[in-house]
Structure formats: C-alpha cells, structure tokens
Amino acid sequence: MAQEDKPIPPARPERNDERYDAQRIEQKWTERWQSDPSLYAAEAHPTKPKYYVLEMLPYPSGALHMGHVRNYSIGDALARYMWMNGYNVLHPMGWDSFGLPAENAAIKNNTPPKEWTLGNIAAMKVQMKRLGFAYDWSREVTTCLPDYYRWNQWFFLKLYESGLAYRKKSKVNWCPVCCTVLANEQVVGGMCWRHEDTPVEQRELEQWFLRITKYADELLRDLEKLSGWPEKVRIMQQNWIGRSEGTLVDFDLGGTVGPAGSTITVFTTRVDTIYGATSVQLAPEHPIVVDMIARDAELRVKVNELIAEQRRAKEAGDIGNIEKHGVFTGRYAKNPYNGEAVPVWVANYILMDYGTGAIMSVPAHDERDYEFAKKYGLEIRLVILPSSSDPEETMAEPALPFTTMDGILVNSGEFSGLSCEDAITKMSALAEEKGFGKATVTFRLKDWGISRQRYWGTPIPMVYCDKDGVVPVAEKDLPIILPDKVPITLAGGSPLASVPAFLNTTCPKCGGPARRETDTMDTFVDSSWYFYRYADAHNDKAPFDSDKIAYWFPIDQYIGGVEHAILHLIYSRFWTKFMRDMGLVKNDEPVKRLFTQGMVIKDGAKMSKNLGNVVSPDEMVERYGADATRMYSLFAAPPDRDLDWQESGIEGIQRFLGRVYRFYENHAKPQDPDWRAPLSAPLTGSARRLQRKLHQTIKRVTDDFQGRWHFNTCISAIMELLNDANRRMLGSEDAQSPATGALVKGDEIPLTLLAEVQRNIALLLAPMAPYLVHELWEMTGETGNLLKAPWPKYDPALAAEDEIEIPVQVNGKLRSVVVVPAGASEDQIKQAALADEKVRAAIAGKQVVKVIVVPKKLVNIVVR
RNA sequence: GCGGAGGUGGCGAAAUUGGCAGACGCACCAGCUUGAGGUGCUGGCGCCGCGAGGCAUAGGGGUUCAAGUCCCCUCCUCCGCACCA
C-alpha cells in the first residue's frame, strides 16, 4: 500500500485524491450506531402508517452465508426506503435456534448445545451489525430460550384443549442419521431433507400430531387471497394440499377374513367408470391384506415381496416408476352398482397413505390400470365413449386407455347415455342413498407430526400418569425448562428420557408419580409464529398483546428463500388460522406480500463446501467493505433471479463507491455561501441537462423501489447520473473560482446545482449503502438522522425533455435520427423526418406508400 | 409425465405499454496520469465487411408498417410435484 516515506505530493486545491477507505468509514459509523440502540426502534405510539418488513430469521449455524447477505440486503433496503418515506417501520431479527446441528456439534466438540448456539448467535450478530443492517434489536427473538419456547408450550396446551393436538401410533418417517422422526414435508424424494444421501426408514411410533387437516380447505381457499405472493409458491402449496374430489364405494368381500372386516372401501375420482371395474387392488399394507396373510403363508410371502419392492422404491425416491407387480388373493368383492364379483388383488403401486389404500381397477379408462391389466391378462371393459359433435365419431371406439372426461357412458346400466360429469353426481348420490358409499374429498396434506426424539427443542408439556393417563401440564407450571446437563448420543430414543430429574414428576391431576413426555417439538413450531412475538417481544403474561398484533399485522412484506415455500409458510398460515379461531389475532393470513429471492451461486453452481466455491461474507466485508458487498448483491442480478457471484463484479462496485466518494471530496463545499442558495434562474445548456438527468434519476430509482424491485437498474441509473455529472465537470476545474465556488468554464454548472446532485445521490443510495452515505451526508454539512431524511421527490417538469430524438425507419430499417421539440405534433415530426437528408437519400426514387408516426417514439416510412 | 421459471455480446445483465436491441457493470484493447501499481482518467468494444452496408435476442414458422416482447411448433437449462387412484 501507500509508502509513507515518499514526499507528499503538493496539495491540489480542487482535486482531492484521498482514497475511499471503506474500512475507516464503516468503523466510524458502526461505533456511532452502536452507541444509539434506539436508532431503528419502531415507535411506541405511532401516529404514522406502519410498515412491517420481515426477513426470514436464520438458523445460527455460526456464520452468515451469501444467501443471508442477499436476503437481508433486500429487506434492509426496503426498510430504509420505507423509513425515508415516513412509515413507522418494524424491522426485527431473531434466531431459529433449536435444532439438530447444535446436538451434532455437542457430540463432536463436547460443547453443550446451549453454549454452542448462544456463541454462534453472538458471532452472527456481530456480522449483521458489521453489515449495517438496521434491525430493532430490542425485539430480538431467540427461540431456544425459555421466554420464547414457553409460549410454544402454552400454544400446545391450547391446541390440545381444542382437540387440535392428539397422540397417535403411526408409521413414521425415521431418519437414521438424525435419529428422529420427520414430517412428510421433511422427506424429499425418499431422503431426509437434511441428509440427501440418507434414505428415510419407516417405523411405528407414538407421536403427537397437530390437526392441520382441519384447515385444509381454508388453507387452499385462502391462497386465492394472497395476490401478493408469487404464483409459483401458491401453486406449490396448492399441490401440496392436494385436494381431490371423489367417491367412496364399498365393495363387499362376502365374509370376513379377520378383524379388519369384510368391506373394502375404495376411493375413486371417476365413479362414472365403475361399470368397467374388473378388479379391486389393495395396498400391500392394507389391513384386510394383513388379515389375509395372517392365515395364508403362500400369499404372505408374495405380499411381503410387494411390500419390500414398494419400500425400496420409496426409499430410492422413485415410487413413480416402480415396475408394477401384483398378486391375486383368491377372493372376490362385489361391485355394489352391478352386483358383479371382481377379483381382489394386492399391488405394489397402491399406496396405503393416500385415499383408502384400495382402488377399483378400470383398465379401459386409467393408464395404470390398463398397464396392469395387460400384464396380468385382466379383462378390459369399455364403458365410456368419446362424445363429439360428429355422431359417427362418437360411436367409434377410442384408443385405450381412454381417460378424459369428455365422454358418454355405455354398458353402465341405468347410467348409460349420461355424460361423465352427470354420471359422477348421480352415481355418488345413489351410493349415499343406498348406503354403500358417498361423495367425499381427500387431501394429500396430512396432519403435522411434531414429536422429535431429540434433546435440543421445546419440551412437549404433557405428563403420563399410570392412573390418569395422558395429562397436560398446568398452565401455571410453564415453562417446562429444558434441562442443561443432558448426555447427548445418537443412540436413538429421546435424550431427555435419561434425565431422571426431568423425567420423573407428579401428575397434575392426582399428584401421584408420573413421567414427563420426553420428546421435543419440531422446530417448525418455533418458526410458525415467531413474527408475532416481534410485535411484543418481552411480554411475560401472554405470547403477545392482541392489540399490538392488530396494529402491526399482517406483515407487509416477507422476504426469504423459496425453499420455505411449503413447510414454513404453510405451517405459519395454519398457526395464524388457529390463533384467529382462539381469538388471539384478527387477521386470517400472516403475510400480505411474499418475495422469494434467487439463490447465490458461484461458477454456475450452488455454493457448497463440497464444490469449494463458497464465498465468505466476512472476507468480502474485509476486502471491499459492507457497502460494496451489499450493493453488489443488489446489483449483480434482479433479486428474484439467481445471482452468480463474481469477484470482479464486486470490484466494479467498489470502484463506483470510490467515484461517488471522490465526487464529494472534490466538490463538496458546504462552507461556501452559495451552497444553499436557491437556483436564481431557469437553467440552460449543460446545467439544465444535468438537472434533468437528476430528476429523471430520482424518478427511475423511486419507480423501481415502488414497483418491481429491480435494484440492479436503480444502481445503474445512479451510476449514469454520476457519470453524467463527472463528464460535465470535466475541464471546468481551471476556471473554478474558490471565491465564488462557481464552476464557470464552458459548461457552467452552478454550485447550487452541484450541491443538489450531491445531496440526492446520497439520498438515493441511502437504502443500499448506508455507511458511505452517512459519511457523505456529514461531508455535505447535513446533520441529523439520515433515516428521517425524506426520500427525494422529482419534479416532472424538470425531468421532462425539451427536445427528443426520433428514430426514422424506412421499411422498418433505421436510416436516421431527427431531433424535434418534445411537444412536436405528428405532422411536424413527419415533416422533419421527410426533410432529413439521409432519409431523402433512402427514399429517393421510390414511392412513399405510408408514413407511420408514433409521437415521442419513431417514424416509419413505408416505400415501394 | 404434470406444473413453473428461464435461454439476449467474451461474462453479469438492460430494453417496465409491440416502437433506435445490448443501458449499467465486468473482462479486453488503445491512449493519458503516476517514481511505481491489483491506482486514477479518457476513448473503443455484438458479429461479418476496407467501405457503403448486411446479419443478429435458442431454432423454425406466423401476425404487424414495426417483434427480444404477441401467436403456433421444436430444442435446451433450472426448480417444484409425480403411479395421489
């Protein structure tokens, strides 16, 4: 770097070469901001309109990554922009701090999870502050601390009281690496969402479930209200909920096999095809199959094989391509519509956890059934013919399988001749009337299993008493504190079970000896309502005060990664609806507008330790500064797209910030008497052009903040303004008079205008580069909090062009550009175009057929 | 297979309503500045062509005076879902 022993170059009054030193500036302002924690505090007694901007809270892994930086840079820019626009902004941050990594770290480093987690939080908070994010830290929420998780427990008791929390023995997804149960949502292609190489196993366990399915219909319906959410996320949730209307139909086995009874209930969306059913197919784990194999060893062997095939396919994440196998059970079941007895099969492609685990097989009108029937030689019976305006075509036999709904029933008894749609209605009604079935709705969405056999989570506040059974802990006894000294292993089973002081308690009902529940809650419980707690973070009487929620909610803008499109966001919506039904909140939905930012990638791939392409925010901040790091994450791509991190790109931003700084260094002269002087007369020439560019830039940046959030184009607009100003200043310095401060040579940019440009560049950059901008603000002699400085307004009259360039095309090809007054009439533009020499050359000797004049845009002369 | 997003210079991208394709930045080239540069500044920079000019927005067709933008077909990339009965 600079060598100190060299002679200092002679001072040049109008060119100050002091370099932009991000570290010095950012250090200075970090210290100032540190000393005023109320800087970003939301107002207690607001008279201004509110704006709640929220970014997804991080898991405290120990260090921020670039994805966080991008997420928070977007949110911070928005929050600062809204502050400057006079809103009462709530912009909080917290820590999603329960979860498995803390336990893994505990095992690896022999550090207690709490210590590890709180240490990470402290470190990451330092990073966040260094990056200059404007959070109201007085509202910080840390989910692993009792003052937060006690309300998880409180909510659990409320859920239990209202029948929304229940216990059930069930097949569960078990991750052998996590040693715990996973919710359906946490299984990705048969693998654990945290360990993409680890197949999920099926185990049978007693689990606590939350009845999210009670809200399935509303969760689906209200998606329509969420017009501020990305279409993509709404569709993903819609598919996840998976509502499907259909019919349940009972097929009678004609005698029981075992405890599961003698009725096979199938679920179908196409009851209209039931006269074409030529078999019934059961899932290998269907209770009736269980009964059957209990007394038939030969069948048992075959069914077990089907179960194994199905499990293997599920674990490989490729159940969709399983090769269909099945076995005939030797039994027949009666189709209640036509009394026909059809063979009962067991097949590996039938899933026990969807519908009823049993289907009727209609080979003529279902692809899968068709494939299966062909393979095993089952009858294929056509019962729907395509309908068409052409009567001959209607009677033609379709290519099989014919699966669409635009058909007419045939060979279907009294229903023959009906359209598919009518038939479904009438046939469902008949089933209900005769008592062998009914119309129904099934959902793909399952109840939310929240039990985790892990230590580092919220203890479930329930007690098991030999006398009274399952008993909830009394509300006054909350919180159930998670004990500190717990031996953690991955040996399986809940670590809390090995802590007698925790395990052994007394029954809240009878006072006798009892055992505590030792499972803990899924961490998605924590994140389902944390953003409500921000509104009233220190309440120790309730999770929050409903009046405060009524003021702050719904969240005006939520920003985060699309990877939470289903899990976190559907649970949060559920939690809100439950709290609304409790009377705690009035809003139906937690989030008005959702924004999902793109990933940060490097060299075309997601950053990962395996690929060695991870960019560390700390390193970027150290090398280029927080402002450059933040600005680059906004500049490199529009925020909804993936961002390819390029080292040379951030260097460009650093250079830009340096140019901004020098622009102030070279021209800022607040002590000059003209500094604040109003412009005395309308500007002309170069000065007018700079003034126009300034107002146009304010408009462009404002429009981008209001609308589509293309911060990349905001930044380029500001770059253009600076380039323009610098170009106009070029060559002026010789004639610059320190006495008057005016730049007099040639272009004549009045100092007052220059000061205005300077102030506005600072204001426009304020949401994106807070450190530099505060320094500039001070350099231009401004005092007071920049957040309270009003966002600049542009004057449309000053932004307006007085002359515009009109491209002139001949037969659609650009031939010339003419300059006309901005208000020129169509005819004036046309005349100017036709008078242009290049145009005349291009149309010489040809016949003008037509002249299209688009005012303010272009002229196109059509010739022949 | 179904659904969604996307494909524009050497690279990241811009073009917001059908109206000059490539703003802004990176890289590169030339010049200036500097004792020196991983500095600063100025200019150049889609492709072909000496030039006039021609050709260019994944590919093909269409609508239009005019298409990156609208319509049809095909290809490719990424994301989500996937025997859901």
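First the proteins, then the strands, lettered A, B, ... as listed; each starts at 1. Atoms considered below: every heavy atom in the structure, side chains included; atoms not considered: hydrogens, waters and symmetry mates. None of these values were measured; they are calculated from a predicted model.
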Using side-chain heavy atoms (C-beta onward) and a distance below 4.5 Å, is Gln646(A) in contact with Tyr632(A)?
yes
In whole Å, what is the span from the CG atom of Leu722(A) to the C1' atom of A23(B)?
16 Å
Under 4.0 Å, heavy atoms only, any strand: does Val854(A) hit a base, just the sugar-phosphate, or nothing?
base
May I ask you to verify if any side-chain N or O of Arg234(A) is less than 4.0 angstrom from the OP1 or OP2 atom of G4(B)?
no
Other residues, nucleotides and ligands only: do more than 12 of their heavy atoms fall within 6.0 Å of CD on Glu801(A)?
yes
Taking C45(B) as the reference, what is the distance to A30(B) when you measure between their C1' atoms (whole Å, please)?
11 Å
Could you give me the CA-CA distance, side-chain angles and deciding distance for Val839(A) and Ile861(A), then say whether side-chain contact (heavy atoms from CB on, under 4.5 Å) is met?
CA-CA 9 Å; Val839(A) 173; Ile861(A) 301 167; 3.5 Å; yes
Using the P atom on both, measure G54(B) against A15(B) and round to a whole Å.
28 Å
Should Arg727(A) be listed as having a side-chain N or O under 4.0 Å from OP1 or OP2 of C41(B)?
no
What interatomic distance, in whole Å, is found between P of G44(B) and the corresponding atom of G60(B)?
33 Å
Side-chain contact check for Arg815(A): nearest option of C11(B), G40(B), G54(B) is G54(B)
Between Arg234(A) and Leu226(A), is there a donor-acceptor pair closer than 3.5 Å when you use the side chain of the first and the backbone of the second?
yes
Between the protein and nucleotides 66-71 of chain B, list the N/O to N/O atom pairs that are separated by less than 3.5 angstrom.
none

Expressed as a whole number of angstroms, how long is the span from Asn239(A):CG to C84(B):P?
13 Å
If G80(B) has a Watson-Crick or G-U wobble mate with both distances under 3.5 Å, name it; if not, just say none.
C2(B)
Taking only side-chain nitrogens and oxygens of Arg659(A), does any of them come within less than 4.0 Å of OP1 or OP2 of U39(B)?
no
Using atom CH2 of Trp645(A) as one end and atom P of A13(B) as the other, report the distance to the nearest whole Å.
14 Å
Heavy-atom pair with the smallest gap, counting every atom of Arg689(A) and Asp724(A):
O-OD2, 4.5 Å
Rounded to the Å, how far apart are Arg368(A) CZ and G1(B) P?
17 Å
Enter syn or anti for the glycosidic conformation of G68(B), syn applying to angles within 90° of 0.
anti
Is it true that Phe705(A) and Phe711(A) have ring centroids separated by less than 6.0 Å?
yes
Expressed in whole Å, how much space separates the P atoms belonging to U8(B) and U57(B)?
12 Å
Between Leu351(A) (CG) and A85(B) (P), how many Å, whole number?
11 Å
Across all strands shown, which nucleotide pairs with C50(B) by Watson-Crick or G-U wobble geometry, both distances under 3.5 Å?
none
Would you indicate, yes or no, if A27(B) has its OP1 or OP2 atom less than 4.0 angstrom from a side-chain nitrogen or oxygen of Arg655(A)?
yes
Any side-chain N or O of Ser244(A) less than 4.0 Å from the OP1 or OP2 oxygen of A85(B)?
yes
Any idea how Phe372(A) and Trp345(A) line up, ring-wise: parallel (<30°), tilted (30 to 60°), or perpendicular (>60°)?
perpendicular
Across all strands shown, which nucleotide pairs with C24(B) by Watson-Crick or G-U wobble geometry, both distances under 3.5 Å?
G12(B)
Does a nitrogen or oxygen in the side chain of Lys813(A) sit under 4.0 Å from OP1 or OP2 of C55(B)?
yes
Hey, is the side chain of Asn712(A) poking within less than 4.0 Å of OP1 or OP2 on A14(B), counting only N and O atoms?
yes
Applying a 3.5 Å limit to both distances, which nucleotide forms a Watson-Crick or G-U wobble pair with C32(B)?
G40(B)
